[in-house]
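For reference, positions follow the sequence shown, starting with 1.
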Amino acid sequence: MKELDLTKGSVPKVLLQFAVPFLIANVLQALYGGADLFVVGRYDDAASVAGVAIGSQVMQTITGIILGLTTGTTILIAMGTGAKDDKKVANTIGTSVYFFALTGIILTAVMVLLHEKIATIMHTPEEAMADTLHYILICSIGIPFIMGYNVVCGILRGLGDSKSPLYFVAIACVINIVLDFLLVGGLGMRAAGAAIATVASQGVSFFAALWFLHRRGFHFEFGWRNIRLNGALSKRIVMLGAPIALQDALINVSFLIITVIVNQMGVIASASLGVVEKIIVFAMLPPTAVASAVATMTAQNYGAGLVARMRRCLWSGISMALVFGLSVCLYSQFLPETLTSIFTNDPAVVEMAAGYLRGYSIDCIIVSFVFCINSYFSGQGNSWFPMIHSMIATFLFRIPLSYLFGQLDPTDLQLMGYAPPLSTMVSLAICFWYLRINKHKLQKLVPVVNTQ
């Protein structure tokens, strides 16, 4: 496998080279995720659209937790790679395989047992309940595939290989879209068909990634003896990944709470929220991809003790993310209906979703800063700070503002759309403050990493 040395070369060039496969992979992953809502919106009614929207929001929360936890593996491997510590990298990979296999089994059991309770807690509209239950249950059965895929890709990216995961996602994307049209459009299976398509595509993607990793191997010695639960490494992976997972989980929980608030406004509002959330998923892909590259590149340079290069990586990442963020925001201000109509033919949903998108899209600019700064600190092994300021912004500002704006205008979502950018501004202010006080501490922290 081709691995990039992120500690050498032009920072913007290397960062872009590493981020582009991330971006394409994320776009493809969102495509096969968004395909469910797109196809259901073309063939079924608003209740089915709402069912897939609510169910996918729940599964997005689970996926965020998994991705956050496996990011701990990526960062730890990247640190070991930067420090040229092959033994530590091999042991980290082995521990991750063991740990996440157990975690996947437990998480699957919990979701299968509680899927009905979750749909009830979501205040799912009665007419959308059956579709929501089908979607959540079937997708929950596929959690081991999500876990396995993210572990394998996390290992590859930590080693500097961001291209190989792209191929696995491409396979999943094609399979999911084909099955969506076959099961939903052809056989009329509604949300259940969309869920089956998603699980099947995830399974094929995981096994393809596993086969690739087995065939290609590593540039260092790795065997079955490395696959064991190392207590110290497990703790380190959890310490790095848990705050990121918790941060993503809490943010997604806030989305769920907002979904609950909107669900009480009726099925049109519920479907409109789901449509915009899908659009925002796509809009956030570029800054997310760039930020992911910043985290890995920062970690490798942190392991190598290259402080100045880490800072150049941060500001290069912010500049790249802003290009996309500004573009999405400007387009959404003038032509939002051209985006919301992609996922539904219902005129009422298109109109309500367009108003919500106008306000929400401003967030694409602000997160260009926040995502990259979060990744900059996570790459240094400090994933607690991003979690803390995200919690402050989410629970003290975003949810209360969403509820308040919903009460001020309970017939429309346009005012509620401004809650996300307003809350993210709080995060950004905290991030700039912490960057300033962290600058003088960083030089003293780096030598410690090289001795661990």
Colleague: Regarding Ser332 and Tyr360, is there a side-chain donor-to-acceptor distance under 3.5 Å anywhere?
Modeller: no

Colleague: Contact between Val151 and Thr73 at the side-chain level, heavy atoms closer than 4.5 Å - yes or no?
Modeller: no

Colleague: Which heavy atom of Gly55 sits nearest a heavy atom of Ile136, and at what distance?
Modeller: CA-CG1, 3.8 Å

Colleague: Check ring-ring contact (aromatic ring centres under 6.0 Å, His included) between Phe168 and all other residues, then give those that pass, not counting sequence neighbours.
Modeller: Phe212

Colleague: For the pair Cys173 and Ile177, evaluate side-chain contact (heavy atoms from CB on, under 4.5 Å) and give the outcome as yes or no after the intermediate values.
Modeller: CA-CA 6 Å; Cys173 182; Ile177 291 174; 3.8 Å; yes

Colleague: Excluding sequence neighbours, so at least two apart, what forms side-chain hydrogen bond (donor to acceptor under 3.5 Å, both in side chains) with Ser292?
Modeller: none

Colleague: Ignoring hydrogens and geometry beyond distance, is a side-chain donor-acceptor pair present between Thr298 and Gln380 at under 3.5 Å?
Modeller: no

Colleague: Determine the sole option in Ile146, Leu102, Ile143 for which the side chain to side chain contact (heavy atoms under 4.5 Å, CB included) test with Leu107 is passed.
Modeller: Ile143

Colleague: Show your reasoning for whether side-chain contact (heavy atoms from CB on, under 4.5 Å) applies to Asp346 and Val350.
Modeller: CA-CA 6 Å; Asp346 191 317; Val350 169; 5.9 Å; no

Colleague: Which atom pair, heavy atoms only, marks the closest approach of Met297 to Asn301?
Modeller: O-ND2, 2.7 Å

Colleague: In Å and rounded to the nearest 0.5 Å, what is the SG to CG distance from Cys364 to Leu322?
Modeller: 11.0 Å

Colleague: Please output the side-chain donor-acceptor pairs of residues 181-189 that fall under 3.5 Å, not counting sequence neighbours, one pair per line with the distance.
Modeller:
none

Colleague: Locate the shortest heavy-atom distance separating Val199 from Ile138; write the atom from each residue and the value.
Modeller: CG2-O, 3.2 Å

Colleague: How many angstroms lie between atom OG1 of Thr424 and atom CD1 of Ile365, to the nearest 0.5 angstrom?
Modeller: 11.5 Å

Colleague: Closest heavy-atom contact between Pro386 and Asn374?
Modeller: CB-OD1, 3.4 Å

Colleague: Taking only residues two or more places apart in sequence, or in another chain, which ones meet Phe432 in a side chain to side chain contact (heavy atoms under 4.5 Å, CB included)?
Modeller: Trp315, Phe369, Ile373, Leu428, Leu435

Colleague: Has Met129 got more than 12 heavy atoms of other residues, nucleotides or ligands less than 6.0 Å from its CE?
Modeller: yes

Colleague: Check whether any side-chain heavy atom of Arg311 lies under 4.5 Å from a side-chain heavy atom of Tyr376, and answer yes or no.
Modeller: yes

Colleague: I want to check something: taking the side chain as every heavy atom from C-beta on, are Phe207 and Phe145 in contact at a cut-off of under 4.5 Å?
Modeller: yes

Colleague: How long is the span from the OG1 atom in Thr296 to the OH atom in Tyr302, to the nearest 0.5 Å?
Modeller: 15.5 Å

Colleague: Before giving the answer on side-chain contact (heavy atoms from CB on, under 4.5 Å), spell out for Phe405 and Gln414 the whole-Å C-alpha distance, their side-chain angles and the decisive distance to 0.1 Å.
Modeller: CA-CA 9 Å; Phe405 292 161; Gln414 184 162 354; over 6 Å; no

Colleague: May I ask you to test the Val290-Cys372 pair for a side-chain heavy-atom distance under 4.5 Å?
Modeller: yes

Colleague: Kindly determine whether Thr338 and Tyr331 satisfy side chain to side chain donor-acceptor pair (under 3.5 Å), including the steps that lead there.
Modeller: CA-CA 10 Å; Thr338 61; Tyr331 188 92; 2.9 Å; yes

Colleague: For residues Asp180 and Ala194, report the shortest heavy-atom separation together with the two atoms involved.
Modeller: OD1-CA, 3.3 Å

Colleague: Does some side-chain heavy atom of Leu179 sit less than 4.5 Å from a side-chain heavy atom of Ile196?
Modeller: no

Colleague: Under 4.5 Å between any side-chain heavy atoms of Phe100 and Thr70, yes or no?
Modeller: yes

Colleague: Give the C-alpha distance, both sets of side-chain angles, the deciding distance and a yes or no for side-chain contact (heavy atoms from CB on, under 4.5 Å) between Met416 and Ile258.
Modeller: CA-CA 10 Å; Met416 191 182 291; Ile258 292 169; 4.2 Å; yes

Colleague: Testing the 3.5 Å rule here: is there a donor-acceptor pair between the side chains of Ser427 and His389?
Modeller: yes

Colleague: Between atom CE of Met111 and atom OG of Ser140, what is the distance when rounded to the nearest 0.5 Å?
Modeller: 3.5 Å

Colleague: Using the side chain to side chain contact (heavy atoms under 4.5 Å, CB included) rule, pick out the option among Leu23, Val294, Leu16 that qualifies with Met320.
Modeller: Leu16

Colleague: Considering only residues two or more places apart or on different chains, which pairs with a residue in residues 104-123 satisfy salt bridge (Lys or Arg N to Asp or Glu O under 4.0 Å)?
Modeller: none

Colleague: Around atom CD of Glu337, are there more than 12 heavy atoms of other residues, nucleotides or ligands at under 6.0 Å?
Modeller: yes

Colleague: Do Gln202 and Tyr149 come close enough that some side-chain heavy atom pair is under 4.5 Å?
Modeller: no

Colleague: Going by the angle between their ring planes, with limits at 30° and 60°, are Phe385 and Tyr434 parallel, tilted or perpendicular?
Modeller: parallel

Colleague: If I take atom CG from residue Leu273 and atom CD1 from residue Ile280, how far apart are they, to the nearest 0.5 angstrom?
Modeller: 10.5 Å

Colleague: Under the side chain to side chain contact (heavy atoms under 4.5 Å, CB included) rule, collect the residues that match up with Ala353, sequence neighbours excluded.
Modeller: Ser272, Val275, Val276, Thr340

Colleague: State, to 0.1 Å, how close Ser368 and Ile318 come at their nearest heavy-atom pair, and which atoms those are.
Modeller: O-CG1, 4.0 Å

Colleague: Can you tell me how far the CE atom of Met59 sits from the OG1 atom of Thr198, to the nearest 0.5 Å?
Modeller: 9.5 Å

